[in-house]
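Presented below is the structure to which this report refers.
For clarity, every value in this text was computed on a predicted model and none was experimentally measured. So that the names make sense, note that chain A is the first sequence line, chain B the second, and so on, each numbered from 1.
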There are 2 protein chains.
Amino acid sequence: MSEKRAKELENALRSAGVRLTRQRAALLRVIAASDDHPDAAELHARAEAVGAGVSLATVYRTLTTLQAQGVIEKLEFQGEPARWEAADQKHHDHMIDIDTGAVMEFTNERIERLQAEIAAEMGYEIVHHRLELYVRRRRRD
Amino acid sequence: MSEKRAKELENALRSAGVRLTRQRAALLRVIAASDDHPDAAELHARAEAVGAGVSLATVYRTLTTLQAQGVIEKLEFQGEPARWEAADQKHHDHMIDIDTGAVMEFTNERIERLQAEIAAEMGYEIVHHRLELYVRRRRRD
DNA sequence: ATGGGTGCAAATCGTTTGCACTTGC
DNA sequence: GCAAGTGCAAACGATTTGCACCCAT
């Protein structure tokens with residue numbers, strides 16, 4: 001099924017005038033097959049694991065290109081290297097367990113609305129935003 | 001007045017067992033006198049401007065120390081070098097004008113509450129969070 | 001006096017880039 | 001065929017660190 005998604009992306013990219021190289025096709029598949037939040041090195045490792053000869057430099061260049069095409073989104077959690085996720089899902093924010101490093105997703109329509117209101121009140125419109133909750137498992141005592 | 005604040009901080013730090021060196025005293029004053037969001041290089045420049053001989057390495061080390069003492073907070077906006085702000089004010093989030101780079105502060109009690117609820121529902125408690133609105137001035141047309 | 005703090009320069013780490021070589025269209 | 005894409009290794013920019021010296025306590 002992620003193969004199907006990868007094909008869709010190939011067509012979308014091609015009609016956007018982006019050349020479909022062997023490396024890009026391989027990375028599209030790796031990304032489509034990932035449901036977590038890998039960083040560049042991890043994506044490179046996954047591509048290598050599948051025998052796709054892709055240099056790390058190309059991974060970086062491709063990530064930038066795919067982001068510009070709106071195919072993926074860049075996540076920059078505190079201090080750690082940038083992570084990436086497919087952009088096909090609906091908008092969501094992130095919650096990071098600071099003890100385990102686990103990244104969870106959530107959405108809250110009310111928060112979204114409030115943000116827009118705040119910006120509007122000050123005469124601005126939101127281009128994009130970042131909401132991250134750094135959390136710790138609640139200890140029951 | 002920021003001089004008064006600097007003195008307060010000196011005492012607080014000393015009783016926390018942090019040695020009060022010439023460099024740290026100078027940086028405390030620079031920070032207390034800043035009401036914006038300077039990065040390490042900028043703080044270094046401001047310290048130099050006041051004739052405080054402080055190396056950039058020490059600026060970095062001091063920022064880390066002051067953060068650990070809860071005196072300042074680290075801000076990491078997209079891509080740019082980390083910025084810092086005094087931690088004495090009440091909690092607030094940031095709105096960044098992506099065209100001018102201007103950083104504004106805001107608070108919204110309802111958003112804070114909603115965040116806590118979301119975390120609680122998933123069995124977590126928030127240790128800290130990050131909410132940034134990247135905005136653009138609303139064009140009246 | 002002594003252990004923490006500092007300056008300097010070198011090292012780190014994620015990421016970007018110059019250049020000569022490939023390759024998709 | 002040719003501009004766009006790639007690999008490699010070198011360059012980058014922010015930050016950190018090893019080490020010899022220094023100074024608050």
- Answer yes or no: is there an ion pair linking A/Arg130 with B/Glu132, defined by an N-O contact shorter than 4.0 Å? yes

- Note on the structure: Walking DNA chain D from its 5' end, the first of A/Arg19 and B/Thr21 to be reached, judged by nearest nucleotide, is A/Arg19

- Which part of the nucleic acid does B/Ala82 contact within heavy-atom distance under 4.0 Å: base, sugar-phosphate only, or nothing? sugar-phosphate

- Message: Which nucleotide wins on minimum distance to the side chain of B/Gln23, given the candidates D/dC8, C/dT6, D/dT16?
- Response: C/dT6

- Tell me what A/Arg24 touches on the nucleic acid: a base, only sugar-phosphate, or nothing, going by heavy atoms under 4.0 Å. sugar-phosphate

- Message: Please report the distance separating the P of C/dA10 from the corresponding atom of C/dG14, rounded so that it comes out in whole Å.
- Response: 23 Å

- Query: Which nucleotide, C/dG24, C/dC8, C/dT15, lies nearest any side-chain atom of B/Ala57?
  - Reply: C/dC8

- Message: Less than 4.5 Å apart, side chain to side chain, heavy atoms only: is that true for A/Val71 and A/Leu13?
- Response: yes

- Query: DNA chain D: B/Leu20 or B/Thr64, which has the more 5' nearest nucleotide?
  - Reply: B/Thr64

- Message: Whether B/Glu10 and B/Arg29 form a salt bridge (side-chain N of Lys/Arg under 4.0 Å from carboxylate O of Asp/Glu) is what I want to check.
- Response: yes

- Task: Starting at atom OH of B/Tyr60, determine the distance to atom C1' of C/dT12, rounded to an integer number of angstrom.
- Result: 13 Å

- Taking C/dC25, D/dG7, D/dT15 as options, the one with an atom nearest any side-chain atom of A/Ser55 is D/dG7

- Kindly determine whether A/Asp39 and A/Arg83 satisfy salt bridge (charged side-chain N to carboxylate O under 4.0 Å, His left out), including the steps that lead there. CA-CA 4 Å; A/Asp39 60 19; A/Arg83 293 160 172 254; over 6 Å; no

- Task: Let me know, please, whether B/Val18 or A/Val18 comes out on the 5' side of the other along DNA chain C by nearest nucleotide.
- Result: B/Val18

- Message: Closest approach to the side chain of B/Thr58, judged atom by atom: which nucleotide of C/dG7, C/dT15, D/dT6 is it?
- Response: C/dG7

- Item | A/Arg61 side-chain proximity, nearest of C/dT15, C/dG24, C/dG18 | C/dG18

